Amino acid sequence: MTKNLKIIGKPTPKIDANIRVTGEAQFGHDIQLPNMLYGAILRTKYPVAEIISIDTSKAKKLEGVKCVITADNIDVNNISYRRDHPILKKGQVNCIRDEIAAVAATSKEIAQKALELIEVKYKVREGIFDPFEAIKEDAPQINHFIDGKYPNKNIAEHFHYEHGNLDEEKAISKYIVSHRYTLPRVTHCCMATSNMTADYSKTDGKLTLYSTTQVPFLYQRDIARALKMEPSKIRIIQVVIGGGFGSKLDMYPYEPICALLSMKTGQPVQLIFSREEEFIASPTRQTMIYDVTAGADENGRFTFRDVRVTLDNGAYTSWGATTPFVMMQTFSSLYQCPACRFDSTSVYTNNVYAGSFRGYGNPQATFALERTIDMLAEEIGMSKSEIRILNANFKGEITKQGLHFNTCGHKEALETVIEKVKGHTHPLVPSQEWKTKRYKRGVGYASMLHVGGGAKIYPSDGCGTTLKIDPFGYLTIITGSSEIGQGSETVLAMIASEELGIDISRIKVINTDTDIKPWDVGVHASRTSFVAGNSVLGAVKKLKEKISPKAAQLLKTNVDDLIYEKGLIKSVINESSIELDKVVRAIHFKEPGELCIDTYFFEPSSEFADNEFKGNVSGAYAFASQSVEVEVDTYTGNVKVLDVYVAQDVGKVLNPLGLAGQIEGGVVMGMGYALLEELIVDKGMILNPNFHNYKLPTAMDVPGIHFYPIETEDSLGPYGAKGVGEAPLIPTAAAIANAVSDAIGVQIDSLPVTPEKVLRALEEKF
Amino acid sequence: MLSMVDFNVISPESVDELILEIENNQSNNFRFGAGYTDLLLELRKQSGPKINVINLSKLNDAKFSAIEKTDDKIRIGSLITAGELVKNKEIQELFPVLHQAANSLASKQIRQVATVGGNICTASPAGDIATALVALEAICEILSTKNEIREVPIKEFMLGVRKTALKKNEILRSVVIPIIYADTKIISDFIKIGTRKSMECAIVSLAYHFLLDDDGIIKHSGIAIGSSAPTIKFTQGACDFLIGKKIVDFTDDDKKVFADKVLEYATPISDIRGSEWYRKKVLHNISKSILE
Ligand SMILES: Cc1cc2nc3c(=O)[nH]c(=O)nc-3n(C[C@H](O)[C@H](O)[C@H](O)COP(=O)(O)OP(=O)(O)OC[C@H]3O[C@@H](n4cnc5c(N)ncnc54)[C@H](O)[C@@H]3O)c2cc1C
């Protein structure tokens, strides 16, 4: 990769920046179609109840109401990968999100009034809101649609992984610590609330969905299965997405509901959540309880990890139940670990169900692991930086789970953040001064490991690209991948610009229409720049095979001597050059004419995990370390994050601007998780469904964020790049909790670290 | 979830028109609207018959919308926004507690529209501006449809959440803060406890305003606590404790006695923002801190 790069690595504004800042961008909320109706959903009043009756007659009579649906007048399949989730509920409701009926009307206000006119009679039942209660043998069955995969009727999903000899490693462990950690329920807080506009044509039976999905092709299949339709009759048009963060990986009931309303009325229907509805009815990060036992030998080398996780699944299953797949990688392979046992159980409760969320379980796992490492260090009497460096991962390592670290910036990342935070820190205040010093400072470290080259979990982890150069020299990239704000379409344009010498202002990216774009598995696992980037590179290569011979002929030189630069194709031998568009026209308009268009499909070389969850599931692995300095006010319990130092193995920086956005956004999201955010539930009810009491960090709370990219140049990544999207969020909460613990000398075992928790911990200490 | 009560908006531009509108609406369901940062949320949660909103934002009257200083007092119109309070130099010098309180309200955007009158008349125990005004022992000037002014001390004005001493034919026109010992040393600040640096409703708050003589002896003290009881409380006992003493002389025990006296006025609840235990603990700690 010693090639002199022209645009890769240079700060490049997002190609969609202008339309976003001027308000021109068409979010789902902006869509207006002729004759469009407005949909609204009636949700249950109680988390757990029998539905005695639903009377929609008054709502149907209201002027302007075009359609009212309930479970009784639709013909659909259950949704979710476990097929345990009815789109509209009948007979019984199981959580406060449950959809009972839906209406379509000529205005939002009428739709809302119609909901008020639907009469539902409930018989309220006791619910189960604690996974440890739900898993007891005598607990009543919560979800009645499951297939009996597990003997316990309330287990939604179970994973077991192990490697090494746990008993032997335990025996040689001089130090062993055990601790329980509890992680909260947080939600994505996308600025654009959930939305969908469905447009069904009764004439040809085609359904067009203006959707915010981040996995359009899987979504097309899921919608088809739910609605008993042919997938190809469904066209997904992805609107500009106002925040994804993993929330748009699953399909939720509101989406087929909106489609059904359009199918029944034959008119377009738009359904938009209010903010309150968004808090109540959009997915959350899994709340989970971790029991971790881990050991080290007399030198501080890690020996084993024994981990049990209990996940609160909520009433229905979503992709979120598969997060242990990611979490086990952290326990098996982050820092060298000779033996590991990981056992996770996702349990049905009557709480709201979790979905997938940036990091996919990894922030929780990393919190539990990195807190445990601090405790081990304390037990051994070793410095918290030293123990991490001693056990860090290395290049060439093949972990016991089978992950191949072809490149690995873990140690360098650790050393960087340890060095950078030094000198900024105040030494620990000696214990006799606890009572007199009000503000105490502390430093915390944490690392993370995450897939950085896609993740083989679906039959294909690939992405297709079609490139087209028009006779005027403009390039159109039609990519299967999706833009959800992460800046990947800009990176794809940069890659094409680098290779073809076409200025980025002459590149268009088409990526929003399943009728046009080639297949891609979707935005997840930080995979788009890696997989779609490689796909663009493959397509460029094929296209050049078409263009270069013609150019060489016109320039009277060899194909190997050509370079593409500034809209020209040049010969490095005889210094002659020709405009790219001229060559295109020469190919296109001569007999026999040919289009400058080509398609390529890239499939990463990764493999599926075997039935023991072992295997090299990603094309590359990303590492990151963070160090954090905090100041704790022991009078109020407030934690102020002063500085966050981030060193991340990104393989290669493609767009420094886009990368900075990911890093800063990720750290702030991680800080919210660490200190502020929690969806507070009581007996299945959500008590803070608003930004007033759900504390999202504001611009005022943002700490100093200092970023040091580590470029390990992975041979499989485009220009050596790895995935970066999820990583910056993953270690932040762990590092902050470690810093708070360092500052005040108490163990932090749950998030968020609220002022009240800090004061209570201090109170118990003295 | 989207539903909101229907309303009409009436926008008087002079005091005469305002009085007329209040009179006309005596038999109707009506509300005043100033910056709408509280009212709109409230109307969102309501259903029922249409109501009339008497919109004050078009009102053109100095007593409602100016800050006027004389030798012995400052008058603040009820339509003065938090942002205008923050910018006012005299308030910054004479009443730092009020400056700080206004500056900690919500966010810069909200401060441009949220008014003093709205903050008082919402009568929330968490009202930041109102808490500072209680510490400053401000007087509310109430205008009636008879075009007469009635004066009520602010701590008697706010009676409970959304309950005030206003009668149906009255409106809060302005508040007056007496200026005492104008050339002595001022120790005055507003401490707001919350988890974020902005957009926070106080978990508890402490407003204090001390005037010291040249020898450092406390001559005057006003202390109020917010989010600690059903209404904002003026902590008379704690204020009295300080009079005639010097801050530098306070022992750790004195500070504790003082904090205990503040706590005597605190009967906080437990809610999702903080438990009773936390509110009391923090209030005690920050009460001590102001004497450190
Ligand atoms: C996002 C957000 C954050 C907030 N943060 C804070 C905060 O940090 N601290 C804080 O103290 N408050 C906060 N508030 C509450 C609110 O902004 C303040 O209480 C504000 O001062 C209200 O003023 P207003 O002009 O908007 O009042 P309005 O909403 O216009 O009116 C409020 C009430 O007062 C009545 N009223 C208004 N003026 C008069 C008058 N002259 N005479 C009689 N009655 C009158 C109205 O009828 C209504 O009942 C916040 C609100 C929001 C939406």
Side-chain angles (χ1 to χ4, degrees), chain A residues 38 40-43 108-109 111-113 115-116 272-281 435-436 438 633-640 672 675-682 686-702 752-760 762-763, chain B residues 1-6 37-38 40-42 44-45 47-48 103-111 124 126 191-206 252 255-256 259 268 270-292:
Chain A
Y38 298 85
I41 293 172
L42 181 72
R43 295 177 195 279
K108 287 177 198 165
E109 291 74 18
Q112 215 56 46
K113 279 226 167 76
L115 293 189
E116 286 162 24
I272 296 176
F273 280 15
S274 69
R275 180 57 65 184
E276 187 186 12
E277 201 172 12
E278 184 77 6
F279 272 108
I280 292 172
K435 289 205 164 104
T436 51
R438 173 169 178 178
D633 181 343
T634 58
Y635 281 14
T636 64
N638 280 90
V639 175
K640 188 157 137 195
L675 298 177
L676 298 169
E677 295 178 49
E678 179 166 20
L679 209 55
I680 303 171
V681 298
D682 180 39
I686 290 170
L687 304 186
N688 57 341
N690 50 60
F691 281 125
H692 193 53
N693 287 317
Y694 183 95
K695 309 280 184 184
L696 201 63
T698 76
M700 301 286 288
D701 301 298
V702 175
V753 188
T754 60
E756 178 152 358
K757 274 187 202 161
V758 170
L759 275 202
R760 275 206 196 270
L762 284 170
E763 179 102 338
Chain B
M1 276 169 211
L2 275 171
S3 62
M4 186 190 289
V5 68
D6 262 358
T37 60
D38 280 319
L40 224 53
L41 289 177
E42 210 187 308
R44 260 225 158 130
K45 289 186 201 136
S47 51
N103 204 23
S104 69
L105 186 139
S107 64
K108 190 149 192 163
Q109 294 91 326
I110 300 268
R111 288 197 287 275
S124 154
I191 302 175
K192 179 172 177 176
I193 301 299
T195 49
R196 284 187 294 211
K197 287 190 196 140
S198 63
M199 298 303 275
E200 259 312 346
C201 181
I203 299 175
V204 294
S205 64
L206 178 70
D252 281 352
K255 289 172 197 166
K256 205 180 148 295
S270 289
D271 64 13
I272 54 171
R273 287 183 292 123
S275 69
E276 177 189 347
W277 175 85
Y278 178 71
R279 289 190 155 104
K280 285 186 169 168
K281 180 86 195 166
V282 165
L283 191 57
H284 202 267
N285 284 347
I286 58 175
S287 297
K288 281 190 294 187
S289 81
I290 65 177
L291 301 181
E292 280 172 355

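Each chain gets a letter, A, B and so on, in the order its sequence line appears, and its residues count up from 1. The structure displayed is predicted, hence computed values, not measured ones.
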**Report entry** Part of I680(A) within contact of chain B (heavy atom distance under 4.5 Å)
**Finding:** side chain
Query raised in the report: Ion pair present between E763(A) and K281(B), side-chain N to carboxylate O less than 4.0 angstrom?
Result: yes
Requested in this report: Determine, step by step, whether L759(A) and V282(B) satisfy the side-chain contact (heavy atoms from CB on, under 4.5 Å) criterion, reporting the C-alpha distance in whole Å, the side-chain angles of both residues, the deciding distance to 0.1 Å, and the verdict.
Outcome: CA-CA 9 Å; L759(A) 275 202; V282(B) 165; 3.6 Å; yes
Query - Heavy atoms from other residues, nucleotides or ligands near NZ of K695(A) exceed 12 (cutoff 6.0 Å) - result: yes
Requested in this report: Could you tell me whether the side chain of Y635(A) and the main chain of L283(B) form a donor-acceptor pair under 3.5 Å?
Outcome: no
**Report entry** Other residues, nucleotides, ligands: >12 heavy atoms within 6.0 Å of K256(B) NZ
**Finding:** no
Query raised in the report: Would you find a donor on one side and an acceptor on the other, under 3.5 Å apart, between the side chain of R196(B) and the backbone of D701(A)?
Result: no
Report task. Step by step, work out the side-chain contact (heavy atoms from CB on, under 4.5 Å) result for T636(A) and I286(B). Result -> CA-CA 8 Å; T636(A) 64; I286(B) 58 175; 4.1 Å; yes
Report task. Would you check if R760(A) and W277(B) make a side-chain contact, meaning some heavy-atom pair closer than 4.5 Å? Result -> yes
**Report entry** Closest non-hydrogen atom pair, N638(A) against G194(B)
**Finding:** ND2-O, 2.8 Å
Query - Residue K197(B) excluded, over 12 heavy atoms near NZ under 6.0 Å - result: yes
Requested in this report: Taking N688(A) for its side chain and I272(B) for its backbone only, find out whether a donor-acceptor pair lies under 3.5 Å.
Outcome: no
**Report entry** Toward chain A, the part of I193(B) with a non-hydrogen atom under 4.5 Å
**Finding:** side chain
Query raised in the report: What option among V639(A), L675(A), L676(A) has the most heavy-atom pairs under 4.5 Å with chain B?
Result: L676(A)
Query - K288(B) side, atom NZ; R438(A) side, atom CZ - distance, nearest 0.5 Å - result: 10.5 Å
Query raised in the report: Checking F273(A) against chain B: side chain, backbone, both or neither under 4.5 Å from a heavy atom?
Result: neither
Report summary line: So, the part of R275(A) with a heavy atom under 4.5 Å from chain B: the answer is neither
Query raised in the report: Checking E756(A) against chain B: side chain, backbone, both or neither under 4.5 Å from a heavy atom?
Result: both
Report summary line: Turns out that what part of S107(B) lies under 4.5 Å from chain A's heavy atoms comes down to neither
